[in-house]
Amino acid sequence: MSNEKYIARVLIVDDEVDTLEFLEYNLRNKGYEVRSAANGNKAFEILKSFQPDIILLDYMMPEMDGMEFLKKFRKINPANQCLVAFLTAKNTDETQIESLELGADDFIAKPIKPNVLASRMSALLRRRQEYSKLSQNDDIRFEDVVINPESFSVTVGNEVIAFPRKEFQLLYLLAEKPGRVFRREEILQAIWGDDVLVGERTVDVHIRKIREKLKDRFIKTIKGIGYKLEF
């Protein structure tokens with residue numbers, strides 16, 4: 001398939017042969033360019049010569065499981081705009097929160113249905129377009145802080161800190177309108193939208209991590225309502 005025709009490049013990482021065959025068949029029929037790997041180690045080998053737009057990642061795998069792969073993948077290049085969706089039958093709140101903290105973008109429940117797969121892929125592509133638009137925005141500067149949307153990084157004093165994308169989006173949202181109070185439900189809609197079902201606890205966890213990186217400055221809690229950024 002030529003580069004001019006593909007909708008998006010997809011890397012599937014799953015140790016179940018039936019799942020790989022099902023996903024490859026359905027995605028190629030929709031025009032995606034697809035590569036596959038049976039575990040995380042093999043996936044990293046493929047990534048040396050293949051740059052996916054989306055990674056579909058099994059949660060439970062031998063040699064290197066999904067969480068270990070995701071943690072390593074995001075650490076190597078935090079600004080990489082590739083989206084990662086977990087394929088999992090383990091869809092608990094704890095699993096989702098831990099995965100989102102490490103940089104997961106979505107969850108697709110097993111067993112996977114073709115119509116659900118098509119819907120989730122469309123949602124992921126929309127989100128990737130949003131990330132591309134964000135990277136074209138201007139830096140935001142206040143006091144000793146520089147927020148850079150191109151690299152998804154924040155400079156605090158002389159220290160450059162790479163942010164996971166959801167944390168970065170949340171910080172950028174607050175910093176664009178300093179002093180404005182954002183309700184938790186507003187933040188959920190702006191950052192996660194209707195495509196991923198997450199709770200208000202997810203917002204609080206991300207705020208806590210942002211505060212740690214900003215040395216507990218700037219972000220204020222409005223009790224019972226939400227958050228704002230002040231400087």
Side-chain angles (χ1 to χ4, degrees), residues 1-88 90 95-96 98-108 110 112 117-118 120-135 148-153 160-169 195-196:
M1 183 179 296
S2 69
N3 288 343
E4 288 79 20
K5 293 182 180 179
Y6 83 95
I7 295 174
R9 295 185 177 95
V10 181
L11 173 61
I12 308 166
V13 191
D14 198 306
D15 64 319
E16 297 178 1
V17 175
D18 289 347
T19 300
L20 285 178
E21 291 179 350
F22 167 83
L23 291 171
E24 287 175 347
Y25 175 81
N26 280 276
L27 292 174
R28 285 188 175 128
N29 274 353
K30 295 289 186 181
Y32 292 91
E33 185 176 340
V34 182
R35 299 287 187 278
S36 60
N39 59 61
N41 288 325
K42 291 181 179 178
F44 275 112
E45 287 298 315
I46 292 173
L47 288 170
K48 292 177 182 178
S49 58
F50 181 70
Q51 297 182 344
D53 302 296
I54 297 170
I55 296 176
L56 301 180
L57 179 64
D58 187 24
Y59 189 86
M60 301 291 290
M61 291 183 295
E63 295 188 39
M64 180 186 292
D65 65 20
M67 292 295 284
E68 186 180 354
F69 174 91
L70 178 61
K71 186 175 182 179
K72 182 177 178 180
F73 179 72
R74 291 302 189 207
K75 185 176 182 180
I76 289 173
N77 188 355
N80 191 312
Q81 293 190 8
C82 175
L83 304 188
V84 178
F86 269 121
L87 309 173
T88 179
K90 187 179 179 182
T95 299
Q96 286 202 12
E98 184 181 8
S99 303
L100 290 169
E101 285 183 37
L102 289 177
D105 296 283
D106 203 354
F107 301 85
I108 302 175
K110 290 185 174 182
I112 303 166
L117 175 64
R120 305 316 301 164
M121 294 299 292
S122 295
L124 285 164
L125 288 176
R126 288 196 301 271
R127 204 168 314 155
R128 195 175 191 284
Q129 291 173 350
E130 291 171 4
Y131 289 148
S132 297
K133 291 177 183 176
L134 175 60
S135 68
N148 185 327
E150 183 175 358
S151 62
F152 287 85
S153 66
V160 180
I161 305 170
F163 272 56
R165 280 174 301 175
K166 293 301 183 187
E167 288 180 29
F168 186 90
Q169 280 184 286
D195 297 326
V196 182

Check whether any side-chain heavy atom of [X] sits under 4.5 Å from a side-chain heavy atom of [Y], and report yes or no.
{"X": "Leu27", "Y": "Leu56", "answer": "yes"}
{"X": "Leu125", "Y": "Tyr32", "answer": "yes"}
{"X": "Ser36", "Y": "Glu24", "answer": "yes"}
{"X": "Leu83", "Y": "Arg165", "answer": "yes"}
{"X": "Leu117", "Y": "Leu23", "answer": "yes"}
{"X": "Ile12", "Y": "Val10", "answer": "yes"}
{"X": "Asp65", "Y": "Glu68", "answer": "yes"}
{"X": "Phe86", "Y": "Met67", "answer": "yes"}

Nearest-0.5 Å distance, [atom1] of residue [X] to [atom2] of residue [Y]:
{"X": "Asp53", "Y": "Met121", "atom1": "CG", "atom2": "CE", "value": "9.0 Å"}
{"X": "Phe22", "Y": "Asp14", "atom1": "CZ", "atom2": "CG", "value": "11.5 Å"}
{"X": "Leu87", "Y": "Asp106", "atom1": "CG", "atom2": "CG", "value": "10.0 Å"}
{"X": "Ile7", "Y": "Arg28", "atom1": "CD1", "atom2": "CZ", "value": "13.5 Å"}

Does [X] have any side chain to side chain contact (heavy atoms under 4.5 Å, CB included) partners at least two apart in sequence or in another chain, and if so, which?
{"X": "Ala43", "result": "Leu11, Val13, Ala37, Phe69"}
{"X": "Ser153", "result": "Asn148, Ser151, Val160"}
{"X": "Lys71", "result": "Leu102"}

Item to check | Audit row: Phe168, Phe152, ring pair (Phe, Tyr, Trp, His ring centres under 6.0 Å) steps and yes/no | outcome: CA-CA 6 Å; Phe168 186 90; Phe152 287 85; 5.2 Å; yes
Restricting to non-hydrogen atoms, name the atom on [X] and the atom on [Y] that form the minimum distance, rounded to 0.1 Å.
{"X": "Ala104", "Y": "Leu70", "result": "N-CD2, 3.6 Å"}
{"X": "Met61", "Y": "Met64", "result": "CE-O, 3.5 Å"}
{"X": "Asn39", "Y": "Pro62", "result": "CB-O, 3.6 Å"}

List for me each residue that meets salt bridge (charged side-chain N to carboxylate O under 4.0 Å, His left out) alongside [X], sequence neighbours excluded, and say none if there are none.
{"X": "Glu16", "result": "Lys110"}
{"X": "Glu63", "result": "none"}
{"X": "Lys166", "result": "none"}

Checklist entry - Where do Glu21 and Val17 land on the side chain to side chain contact (heavy atoms under 4.5 Å, CB included) test, with the steps shown first? => result CA-CA 6 Å; Glu21 291 179 350; Val17 175; 3.6 Å; yes
Checklist entry - Does the distance from a Lys or Arg side-chain N to an Asp or Glu carboxylate O, for Arg74 and Asp105, drop under 4.0 Å? => result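 So Arg74 pairs with Asp105 through a salt bridge.
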Checklist entry - Any idea how Phe73 and Phe44 line up, ring-wise: parallel (<30°), tilted (30 to 60°), or perpendicular (>60°)? => result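 If you compare the ring of Phe73 with that of Phe44, the planes turn out tilted.
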